[in-house]
Amino acid sequence: MKFNFAKTLLMSTALTMGAFGLVACGGDNGSSAKPPHDESIIIKGEEALIAGTIVKFSGTITTDNSNPDIDQDADFAIDKLVLQVIDEKEKVTKVVPTPDTYQAEANVDKLDLSYIGATVMLDDPNFTTCGIFKLNVIVYAHLDKDSKVSSVQIPFERNAERFCPAAPASSAGGGSAASTEIEMTTYTVDMSTDQLPGLDLASGKASNSTTADILLSKVKDGVAITSGNGTLFTPIANEQITPSNWDDDYMVDCWPEVENNRPAYLSDFKVRTVTKTQIADAVDGGSPSQEIYVALTPNGDLTTGAGVYAFGITDAKEGLNGNFNVTLKVYKKK
């Protein structure tokens with residue numbers, strides 16, 4: 001996730017904390033976490049990686065010592081970081097990340113969140129709901145005698161299926177609890193780079209349209225996938241830190257509904273961000289990719305599943321003049 005810092009704040013640390021209502025730990029549930037931003041503190045590469053019950057965070061924080069408006073002899077360094085877990089409404093939760101405060105050594109002008117071991121435990125009992133949360137990282141620094149503060153919010157998901165399972169059916173009422181999962185259904189479709197290169201994901205119809213959600217094009221010894229209407233792509237984010245955990249390591253011929261003996265859910269297709277305009281190696285060297293991809297249409301919503309699709313290439317055969325016939329298995333919201 002990348003955030004643009006739109007304004008500079010030049011005020012003391014104490015005044016900043018008062019003005020924005022920031023809390024140095026996660027104990028004040030409901031406190032506002034309005035994010036301060038200072039362009040002279042650069043935060044980039046921020047990312048959350050879920051490994052089982054642990055969310056590990058990375059991202060580089062630096063002071064902009066190369067700025068020509070800043071005296072090169074000035075003392076510009078990071079003082080400390082304060083970490084909070086906030087909900088989608090930017091309210092501070094009671095969940096305490098590790099660490100909740102990090103005091104930097106003297107004259108430090110660069111820090112990485114992975115270096116300080118920034119983590120959140122998804123099974124922390126202070127979590128009361130599931131869904132999207134954010135790690136709010138507040139950076140305190142100084143430029144000579146001026147205090148500076150900025151922040152970044154890194155989203156992560158607490159999966160409802162794993163951490164907020166539906167309550168069992170009541171023996172008195174006899175009814176079943178409503179599932180919080182978004183069920184997906186599938187279809188297969190045959191396409192080709194020369195005759196039927198376009199696919200409308202909602203209808204499952206292949207055509208020669210140049211404005212379709214998915215467009216196939218031949219490249220040397222393979223096929224690339226782009227879009228004619230702004231649909232974006234990304235491979236699903238398989239959990240790789242603990243190889244023995246295969247819960248979400250799905251791929252072609254290792255489909256979630258088969259592996260789990262249940263319907264496929266949107267949550268099976270985990271992604272960090274969906275930003276790629278093409279899949280350059282959908283078929284490479286004549287062989288189809290084993291990845292499962294998520295496609296996000298221009299008006300798609302990753303929360304509700306509307307306009308969100310997952311797909312894998314189940315077959316690819318080369319024809320005449322370097323063209324390919326390709327079969328896709330596509331998941332869409334039921």
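Index from 1, following the sequence. FYI, side chains are in, hydrogens and waters are out, and symmetry mates aren't considered; it's all heavy atoms of this structure.
- Ring centers of Y293 and F311: under 6.0 Å apart, within the cut-off.
- With respect to K148 and D146, no salt bridge is recorded, no charged nitrogen being found less than 4.0 Å from a carboxylate O.
- Within 6.0 Å of the OH atom in Y115, the count of heavy atoms belonging to other residues, nucleotides or ligands does not exceed 12.
- Residues L216 and V252 do not share a hydrophobic cluster, defined by chaining ILVMFWY side chains whose heavy atoms lie under 4.5 Å apart.
- To the nearest 0.5 Å, atom CD1 of residue I214 and atom OG1 of residue T226 are 9.5 Å apart.
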Check your understanding: Do E318 and N323 pass the side chain to side chain contact (heavy atoms under 4.5 Å, CB included) test, and can you show the C-alpha distance, the side-chain angles, and the key distance before you say yes or no?
Key -> CA-CA 6 Å; E318 187 171 3; N323 286 295; over 6 Å; no

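- In terms of modelled atom types and a separation under 3.5 Å, the side chain of S192 and the main chain of N325 share no donor-acceptor contact.
- In this structure a side-chain-to-backbone donor-acceptor pair under 3.5 Å is missing from K218 to D194.
- Tracing side-chain contacts under 4.5 Å through hydrophobic residues (I, L, V, M, F, W, Y), one never reaches I132 starting from I50; they form parts of separate clusters.
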Practice item. Please report the C-alpha distance between V85 and V92 in whole Å, then the side-chain angles of each, then the deciding distance to 0.1 Å, and finally whether the side chain to side chain contact (heavy atoms under 4.5 Å, CB included) criterion is met. Key: CA-CA 6 Å; V85 175; V92 180; over 6 Å; no

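- The only option from E88, E90, Q84 that meets the side-chain hydrogen bond (donor to acceptor under 3.5 Å, both in side chains) definition with K134 turns out to be E90.
- One finds no salt bridge joining R262 and E257 here, because no Lys/Arg side-chain nitrogen approaches an Asp/Glu carboxylate oxygen to under 4.0 Å.
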Check your understanding: Hey, mind stepping through E181 and S267 against side chain to side chain donor-acceptor pair (under 3.5 Å) and telling me if it holds?
Key -> CA-CA 7 Å; E181 291 288 357; S267 62; 2.8 Å; yes

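- Geometrically, K80 engages Y140 in a cation-pi contact defined by less than 6.0 Å to the ring centre and at most 45° from the axis.
- Proximity of T188 to V330: side-chain heavy atoms (C-beta onward) are nowhere separated by under 4.5 Å.
- A side-chain donor-acceptor contact under 3.5 Å links T297 to the backbone of G307.
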Exercise for review: Go through the steps for R158 and C164 under the test side chain to side chain contact (heavy atoms under 4.5 Å, CB included), then give the verdict.
Suggested key: CA-CA 9 Å; R158 189 168 189 258; C164 299; 3.7 Å; yes

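- The closest side-chain donor-acceptor pair between D190 and T327 falls under 3.5 angstrom.
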Exercise for review: Evaluate side chain to side chain contact (heavy atoms under 4.5 Å, CB included) for V308 paired with L266, printing each intermediate quantity in order.
Suggested key: CA-CA 9 Å; V308 181; L266 180 63; 3.8 Å; yes

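- In this structure a side-chain-to-backbone donor-acceptor pair under 3.5 Å is present from D268 to Y265.
- At distances below 3.5 Å, not a single donor-acceptor pair connects side-chain atoms of T273 with backbone N or O atoms of T275.
- Judged by distance alone, the side chain of S151 and the main-chain N or O of P36 form a donor-acceptor pair under 3.5 Å.
- Under a cut-off of 6.0 angstrom, the local environment of NZ in K333 is crowded, with over 12 non-hydrogen atoms contributed by other residues, nucleotides or ligands.
- For Q103, the CD atom is densely surrounded, since the number of other residues' heavy atoms within 6.0 Å is greater than 12.
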Check your understanding: Taking it one step at a time, do K317 and D315 satisfy salt bridge (charged side-chain N to carboxylate O under 4.0 Å, His left out)?
Key -> CA-CA 7 Å; K317 289 185 173 63; D315 192 32; 2.6 Å; yes

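- Cluster membership check: M191 does not share its hydrophobic cluster with I292, using side-chain heavy-atom separations under 4.5 Å among Ile, Leu, Val, Met, Phe, Trp and Tyr.
- Aromatic ring centres of F133 and F127: separated by under 6.0 Å.
- Legend: residues meeting ring pair (Phe, Tyr, Trp, His ring centres under 6.0 Å) with F156, ordered by chain and number and at least two apart, are F57.
- At distances below 3.5 Å, at least one donor-acceptor pair connects side-chain atoms of D87 with backbone N or O atoms of K91.
- For Y331 and F269, the distance between ring centers is under 6.0 angstrom.
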